[in-house]
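Report on the following structure.
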Amino acid sequence: MPWVRQLVIDTGRAARRRHAIHGLFEVDVTSARTVLRADGASRLFTAFVIHCIATAVAADPRYTGVPGPARP
């Protein structure tokens, strides 16, 4: 069996043990979109969401969900 085929088989077996979706949630963004539109700035909504998530993670790194070294 070619090594590439074996790699595909092994990857499929490894992926079968893990969930593809780590989290799924729904958020009402009506007020945030209204504020961004009223502000008149040319900010992208996606950039706004990323900024909010980054700010929350910077405030408390436990929310990253990525295992890492123990933090004090």
Side-chain angles (χ1 to χ4, degrees):
M1 178 180 302
W3 69 270
V4 174
R5 181 178 287 177
Q6 187 62 47
L7 177 67
V8 170
I9 292 170
D10 292 341
T11 303
R13 285 186 181 145
R16 183 174 42 185
R17 291 183 228 136
R18 297 196 58 169
H19 297 289
I21 299 175
H22 297 285
L24 183 62
F25 60 94
E26 185 175 336
V27 179
D28 182 13
V29 295
T30 306
S31 60
R33 292 183 74 88
T34 303
V35 170
L36 285 174
R37 284 189 192 125
D39 190 22
S42 61
R43 287 179 258 177
L44 296 175
F45 183 73
T46 305
F48 172 74
V49 171
I50 291 170
H51 172 75
C52 291
I53 293 170
T55 302
V57 170
D60 193 348
R62 292 179 297 170
Y63 293 120
T64 59
V66 178
R71 296 181 176 96

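All residue numbers in this chain count up from 1 along the given sequence.
- Taking the side-chain contact (heavy atoms from CB on, under 4.5 Å) definition, one finds that Thr55 meets it with His51, sequence neighbours left out.
- Here the CD-OG1 distance, from Gln6 to Thr11, works out to 9.5 Å after rounding to the nearest 0.5 Å.
- Val4 meets the side-chain contact (heavy atoms from CB on, under 4.5 Å) test with no other residue; sequence neighbours excluded.
- Using a 4.5 Å cut-off between side-chain heavy atoms of Ile, Leu, Val, Met, Phe, Trp and Tyr, with links allowed through other members, Val35 and Val27 fall into different hydrophobic clusters.
- Taking Val49 as the reference, Phe45, Ile53 meet the side-chain contact (heavy atoms from CB on, under 4.5 Å) condition, with sequence neighbours excluded.
- Hydrophobic cluster membership differs between Ile50 and Val57, with clusters built from Ile, Leu, Val, Met, Phe, Trp and Tyr side chains linked at under 4.5 angstrom.
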